Each structure stands twice: as structure tokens, then as C-alpha cells.
Trainee: 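I have a structure I would like to understand better, so I am pasting it below and will then ask my questions one at a time.
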Amino acid sequence: MASCLGLYIDNNIIKYAKVSKEKDNLKVESFGVNFYEKLEDGIKQVIEETYSYKVPISVNLAEENYEYFDMYSLLNKNDLPKAIKTEFEAYCGDKGYNPNVFETRYAIIDNLEDKEKLKVIHVSNNKIDLNKRIQQMQGYKLSGVFPIGMSITNLNKFQPKENALIVNIEGKTTITTVINQKIYDVKILDVGSEDFLTKINLKENSYSKTYEICKETTIYTSEGKELGEETTYLEDIMPTLYEIVGQVKKVLNESLEKIEKVYITGTAALINNIDLYFEEYLENAKCEILRPDFIRITQDINIKDYIEVNSAISLALMGLNLGIKGMNFKQNTILDQLKDALKVDITPDKKGKEKKLAGNLLTNDLSQPLDATEKALLRVTAGLLMLFVIYSGFSALINNQMENKSKQAQESISNTNSQISAVNSDNQQVKSITNEYTTMIQNLQELNDKIADTNRTKKAIPNLLTALMSGMPEDVQITSIKNTSDTHIEIIAQSRYYDQLGFLKAKIKTDGILQKDTVISSAGEKNNDIITMKIEGDLP
């Protein structure tokens, strides 16, 4: 018969339930609530009370985070984990997180919005928080660390096509959406029972008394109709419940499928008539307290006592391999498995005799015949030894190949480096020759420019004279033509008439003998009826 102790650890409270399983039958052997000031002492007390020194223990994550990704359903099963990892890394990049600090698990379901895609429920937990939780269970047989939002559904067998919410109001509140028997969404609220327990504890200065007050509290309808005896602590409790029910209503309204039922559990489920209070606000959904479906209600059983440890029961069921798979944030090592294989059980059987597992082997009493268990243990040991020998051989072979490959890689690197050096040397030579050719080309270009200027100047004077002779006014004489600088020309002309000299100037401009914009002339000087004028400008 397999057993597991579920521990739900919250601020100042440990809820525990030891559940056993025999075939398909489940039984809660012991359960309760423990209040602590120092967590290690509280855990030790629970272990002692339930006698669970060697019993596998399942606990809740200290902090659990949920992200949701969409994946195409045609993705290969081998490629899907890589794609999910890539999506989480992109999410961390957007948030500025380091993805390596998180331990992650995920579940895959059908996407209700797009049939061609799958929806990934991705759960992450900071490794520091996870290791701290594991360290808290040091010395005990911790077998699993699970997210409570994914384990709470173990308490109820949902009917096909049943859509429901589980509102677990512990220190923080988790709202788990179940669509057609499958978890579809988990929402974590920062508000929960810790809010009103803290307020009441300030008045009572006793956490255990505060807890009992909540169990005895009765809430009223909004119409003021009394459903139970009056309490003075509603003013501390109701604001929190009002905020929670508002968030639940929001989830109901945003759901793609119609939600018919809302289950309430956790510490707040102990408050009398909380289901009626929720149902009053959630008009389109039936509200009820979540009860473990495998517990049969009789006159001897107070179901309310079981309800207050629902979270612990759900964790114990996860430890018994019930519920959604792949959510264990603690992976058993080979050393853990070997310890389990070599454990000794000396509990007495029904006849008062001790049952010894591997007794002859561990006590070196080889005179007695081996029983079936000892033979199985020998086979396991021989198998492990063979596995070790094969592993050692493969390790030596792989190390030898790695050394050879490393030498080849070093030789290849050296050869590549020498080739790179040769290429760099050739590159420097090419650059030097290129610079020489560039200088030669510039010199040739300057020489060509000088020759072109010289030829243009040589031809310009004859062309100028030819142009001046063509259509020269009869009364005008050119007495001097000078090339004063580069392309600048000065022409001295004389005539008895101003208009003839003006005609010459206009001809020089209009015919383009000199550049039009540069042509200027002096006012003209008259001496003995002869007018002398200087006309100047640049060659075209």
C-alpha cells in the first residue's frame, strides 16, 4: 500500500494530510492544521505526529508563475520542447529576466481559439525559492514539489464537457479554470486569506485563535437577511472576499466557454455561507464548497475538517502519481532511487514477525536461502554494475575520441591562423601597390588638365582674333590685345564714334567672343576726336 504525506506550507500555517492508496481505493489516514513560528519546528512536529519519517512527502511551491504560449499543432514532438523554451526565453527578454534562474514545467492542451494551435500552460519557479523549499525538507523523504494551481483539481472527478472554476482561497488565491475535464487556465491573485487573517491576528494576537474565528464566522446576504449568528469580524473579512469574487466574475465573463459551476476551497471555505455569498454575486454559476470526491460522508465524519486541508490532500494525491503529469519540480536523482532500492523495512506483519527486505544480504547471513526480494535486489545490483562497466567503457572511448578531435582541432586552428597571417601580408602588399597606382593616376590627371588648359589657351587667342575680324565695325580699330592672366583678355579699341565702340562691346558679348558675364568696358577717353576704350573679359 503506497502512502504520501501532503504538506501545504503557508505563512504561519502548515496544512497536512497523509493519504494511502491500495489499488483504486484512497484513504486519508491523518490530517490537520499546524501553526508555527519557526517553519523547521512546524514541519518536524507534523512528521512526528503522522509518523512519516520514511513516507514520501509532497509540498507546494513557494511561488508559482504562469505564462501561456501558442504553438502550431503540426510541430514535431521533438521540436515542441525547443519551441516552448524559445518562447519562454523571448518572454524573459521582454520582461528583462534571466531565463536561467527559473525551473520550468509545462502542460499542453487544445487551443479553444484556434484549432490549428496548441495552448501551452507554462509554470516557472525561481530556482532560489525552489532550492529553499527543498532545503526546508532536508532530512525527510521529499518526493515532489508541485504547483497548487495544477494539483487542486485532483479533489474532484469532473464530468465530460463539465466547465468549472476552482477558487482556492489560501494565503494567495488561485483560480483554476477546467474546460471539458482539463485544466485550461490558472490565475493567481495577490489577495487571499492572509489579508484578513493578518487583520484579525492584530486584534487577537494568536494565529490559532484567529483561524478558529474564521471557522465560526458567518456572512450575510446583501439584502441583510441573517444567515447565521452575528460576528464582529466581517469588516476584516468582507473587503477581501468582495475583491476575490470580483476577480472570479471577471474570469467567468472572459471565459470562451460557459462556466456552470464554481468550487470554493482553501482557508476561506471554512467561513459559513461563503458559497451563498459567491452565488449571490455570480448569478449564472452554481457555487459550492469543494469536497474530496473519494471521501464518503457519514455521521462519524465531519466533512468540514477534510475541506480545510484540501490543498494538502491534493498535493498528497500528486505524490501518489494522480492528476496531471510532469509537474514535479523536484527530480529524483539516481542516488535517491538507489536509496529506495536498498531501504530496509522492519515493520511487523500480522503474525508479529518482522518483514525484512534484503535482510540476509545486509546482515551477511548467507546460510539462509534467498527470497524473491533478495533475488530481485541482486539482479538490480548486477544490472547497475553492468551499467557502470558499460558506462566506464563508453566514457573512456569518448574521452579518447575527444582528445583526438581536440588535437585535430588545434592543428586546424594553427593552420588556419598561419593562412590568415599570409592573407594579411598579401593584403598589405595589395594596399601598398594600390596606393602607388592611385598616386600615379592623380599625377597623370593633373598633367592632362595642364595640357588641356595650355591647348585651350593657345587656340583661344587665334579664335578670338578670328571672331573679332568677323563683322568688325568700319570705324573701329583695335590697337592692342593682351592676355593679362590665364584666360583674362584686355582689348584696346578706338574710334571717332561712341556708338561704334558700343557696337563692338555688344558684339563681343552676344557672339560669345568673351564670357558674357565677365565683359566690362571703360568709359572711353576722347583725344583729338579719337575715342579710346578698354574692353576686358574672360575667354570662354
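Predicted model only: the values in this text are computed from it and were never measured.
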Trainee: Do you know which two heavy atoms are closest between Pro292 and Ile313, and how far apart they sit?
Mentor: CG-CD1, 4.1 Å
Trainee: If you look only at distance, which donor and acceptor atoms sit under 3.5 Å apart when one is on a side chain in residues 42-49 and the other is two or more places apart or in another chain?
Mentor:
from  : atom 1 : to    : atom 2 : distance (Å)
Gln45 : OE1    : Asn34 : ND2    : 3.2
Gln45 : NE2    : Glu49 : OE2    : 3.0
Glu49 : OE1    : Tyr16 : OH     : 3.2

Trainee: Give, for atom OG1 of Thr174 and atom CD1 of Ile169, the distance between the pair rounded to the nearest 0.5 Å.
Mentor: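 The OG1 atom of Thr174 sits 9.5 Å away from the CD1 atom of Ile169.
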Trainee: Between the side chains of Tyr91 and Glu89, does any donor sit under 3.5 Å from an acceptor?
Mentor: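 Result is no, nothing qualifies.
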Trainee: Any side-chain to backbone donor/acceptor pair from Lys127 onto Asn100? Under 3.5 Å, distance only.
Mentor: yes
Trainee: If only atom types and distance count, is the side chain of Glu162 paired as donor or acceptor with the main-chain N or O of Gln159 below 3.5 Å?
Mentor: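 Yes, the answer is positive, given that a donor and an acceptor are paired below the 3.5 Å cut-off.
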Trainee: Test: salt bridge (Lys or Arg N to Asp or Glu O under 4.0 Å). Region: residues 302-319. Which pairs qualify, not counting sequence neighbours?
Mentor: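 Listed once each, the pairs are Lys215-Glu308.
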Trainee: Going from NZ on Lys54 to NZ on Lys141, what distance comes out if it is rounded to the nearest 0.5 angstrom?
Mentor: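 Rounded to the nearest 0.5 Å, the NZ-NZ separation comes out at 8.5 Å.
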Trainee: Any heavy-atom pair between the side chains of Val245 and Leu241 that's under 4.5 Å?
Mentor: no
Trainee: Could you check whether any side-chain heavy atom of Gln135 comes within less than 4.5 Å of a side-chain heavy atom of Gln138, counting everything from C-beta outward?
Mentor: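 The answer is yes, as the side chains (C-beta and beyond) meet within the 4.5 Å cut-off.
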Trainee: So, for Ile289 and Ile307, which heavy atoms are closest and what is the spacing to 0.1 Å?
Mentor: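 Smallest interatomic distance, heavy atoms only, reads CG2-CD1, 3.5 Å.
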Trainee: Are the side chain of Arg133 and the backbone N or O of Asn60 linked by a donor-acceptor pair below 3.5 Å?
Mentor: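 Checking the backbone N and O of Asn60 against the side chain of Arg133, a donor-acceptor pair under 3.5 Å is found.
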Trainee: Output a table of donor-acceptor pairs, distance under 3.5 Å, between side-chain atoms of residues 145-156 and any protein atom two or more places apart or on a different chain; print 'none' if there are none.
Mentor:
from   : atom 1 : to     : atom 2 : distance (Å)
Ser151 : OG     : Ile148 : O      : 3.3
Ser151 : OG     : Ser314 : OG     : 3.4
Asn154 : ND2    : Ser151 : O      : 3.1
Asn154 : ND2    : Ser314 : O      : 3.1

Trainee: Could you list the residues that satisfy side-chain contact (heavy atoms from CB on, under 4.5 Å) with Asp79, not counting sequence neighbours?
Mentor: Leu75, Asn76
Trainee: Side chains of Val101 and Ile128, heavy atoms from C-beta outward: is any pair under 4.5 Å?
Mentor: no
Trainee: Supply the atom-to-atom distance Ser124 OG to Tyr97 OH, rounded to the nearest 0.5 angstrom.
Mentor: 9.0 Å
Trainee: Surrounding CG of Asn253 (heavy atoms of other residues, nucleotides or ligands, distance under 6.0 Å), is the total greater than 12?
Mentor: yes
Trainee: How far does NZ of Lys250 sit from CD1 of Ile175, to the nearest 0.5 angstrom?
Mentor: 10.0 Å
Trainee: Under 6.0 Å from the NZ atom of Lys161, do we count more than 12 heavy atoms belonging to anything else shown?
Mentor: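 Atom NZ in Lys161 is not packed in, count stays at 12 or less.
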Trainee: Would you say the side-chain atoms of Ser392 pair up with the backbone N or O of Phe388, donor to acceptor, closer than 3.5 Å?
Mentor: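 At least one qualifying donor-acceptor pair exists.
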Trainee: Would you tabulate the side-chain donor-acceptor contacts of residues 187-204 under 3.5 Å, counting partners in other chains and residues two or more places apart, or write 'none'?
Mentor:
from   : atom 1 : to     : atom 2 : distance (Å)
Ser193 : OG     : Glu170 : O      : 2.7
Ser193 : OG     : Gly171 : N      : 3.3
Glu194 : OE1    : Asn11  : ND2    : 3.0
Glu194 : OE2    : Asn11  : ND2    : 2.8
Asp195 : OD1    : Gly192 : N      : 2.9
Thr198 : OG1    : Glu194 : O      : 2.6
Asn201 : OD1    : Ser206 : N      : 3.0
Asn201 : OD1    : Tyr207 : N      : 3.3
Lys203 : NZ     : Glu235 : OE2    : 3.4
Lys203 : NZ     : Asp236 : OD1    : 3.4
Lys203 : NZ     : Asp236 : OD2    : 2.7
Glu204 : OE1    : Lys209 : NZ     : 3.1
Glu204 : OE2    : Tyr233 : OH     : 2.2

Trainee: Taking Ser255 for its side chain and Val251 for its backbone only, find out whether a donor-acceptor pair lies under 3.5 Å.
Mentor: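 It does not hold such a pair.
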Trainee: Do Glu63 and Asn126 have side chains that approach each other closer than 4.5 Å (heavy atoms only, starting at C-beta)?
Mentor: no
Trainee: Under the side-chain contact (heavy atoms from CB on, under 4.5 Å) test, which residues partner Met1, sequence neighbours left out?
Mentor: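 side-chain contact (heavy atoms from CB on, under 4.5 Å) check on Met1 returns Ser20, Glu22, Glu29.
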Trainee: I'd like to check the side-chain contact (heavy atoms from CB on, under 4.5 Å) partners of Ala285; sequence neighbours left out, ordered by chain and number.
Mentor: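 Here the qualifying residues are Leu252, Val262.
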Trainee: Please identify each residue that fulfils side-chain contact (heavy atoms from CB on, under 4.5 Å) with Asn163, with sequence neighbours left out.
Mentor: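 side-chain contact (heavy atoms from CB on, under 4.5 Å) list for Asn163, sorted by chain: Ile179, Glu257, Ile259, Glu260.
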Trainee: Could you tell me if the side chain of Ile244 sits less than 4.5 Å from the side chain of Val167, heavy atoms only?
Mentor: yes
Trainee: What closest approach, in Å, do Asn168 and Ser311 show between heavy atoms, and which atom pair accounts for it?
Mentor: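 Looks like ND2-OG, 3.2 Å.
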Trainee: If you compare all heavy atoms of Leu315 against all heavy atoms of Leu7, which two are closest, and at what distance to 0.1 Å?
Mentor: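 Heavy atoms only, the tightest pair is CD1-O, 3.3 Å.
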Trainee: Answer yes or no: is there a side-chain heavy-atom contact under 4.5 Å between Phe329 and Leu61?
Mentor: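 Yes. Closest side-chain heavy atoms under 4.5 Å.
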Trainee: Start with the C-alpha distance between Lys85 and Thr104, add both sets of side-chain angles, then the distance that settles side-chain contact (heavy atoms from CB on, under 4.5 Å), and finish with yes or no.
Mentor: CA-CA 9 Å; Lys85 182 180 179 182; Thr104 63; over 6 Å; no
Trainee: Looking at every heavy atom in both Ala107 and Ile324, which two are closest together, and how far apart are they?
Mentor: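 Result for this residue pair: CB-CD1, 3.6 Å.
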Trainee: Quick one: closest heavy-atom pair of Ala268 and Ile274, and the distance?
Mentor: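 Between these two residues, the closest heavy atoms are O-CD1, 3.3 Å.
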Trainee: Side chains of Met137 and Val59: does their closest heavy-atom pair fall under 4.5 Å?
Mentor: yes
Trainee: Is there side-chain contact between Tyr72 and Leu118, with heavy atoms separated by less than 4.5 Å?
Mentor: no
Trainee: Once ring-ring contact (aromatic ring centres under 6.0 Å, His included) is applied, what residue pairs with a partner in residues 20-56 remain, sequence neighbours excluded?
Mentor: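 Listed once each, the pairs are Phe31-Tyr306, Phe35-Tyr211, Tyr51-Tyr53.
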Trainee: Would you mind listing every side-chain hydrogen bond (donor to acceptor under 3.5 Å, both in side chains) that reaches into residues 105-118, with sequence neighbours excluded?
Mentor: Asp70-Asn111, Glu103-Arg105
Trainee: When rounded to the nearest 0.5 angstrom, what distance separates SG in Cys4 from CG in Leu317?
Mentor: 8.5 Å
Trainee: Hey, could you give me the CZ/CG distance between Phe158 and Asp293, rounded to the nearest 0.5 Å?
Mentor: 9.0 Å
Trainee: Applying side-chain hydrogen bond (donor to acceptor under 3.5 Å, both in side chains), which residue pairs with at least one partner in residues 176-185 are found, sequence neighbours left out?
Mentor: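 Passing the test, one end in residues 176-185: Tyr68-Asp185.
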Trainee: Can you list the steps and then say if Ile219 with Leu234 is a side-chain contact (heavy atoms from CB on, under 4.5 Å)?
Mentor: CA-CA 7 Å; Ile219 57 180; Leu234 285 177; 3.3 Å; yes
Trainee: Taking salt bridge (charged side-chain N to carboxylate O under 4.0 Å, His left out) as the definition, give me every residue that meets it alongside Glu288, ordered by chain and number, with sequence neighbours left out.
Mentor: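 Lys261.
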Trainee: Please verify the inter-ring angle class for Phe88 with His122; under 30° counts as parallel, over 60° as perpendicular, anything in between as tilted.
Mentor: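 The rings of Phe88 and His122 lie parallel, inter-plane angle below 30°.
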Trainee: Start with the C-alpha gap between Val19 and Leu5, add the side-chain angles, then the distance that decides, and say whether side-chain contact (heavy atoms from CB on, under 4.5 Å) holds.
Mentor: CA-CA 6 Å; Val19 182; Leu5 176 65; over 6 Å; no
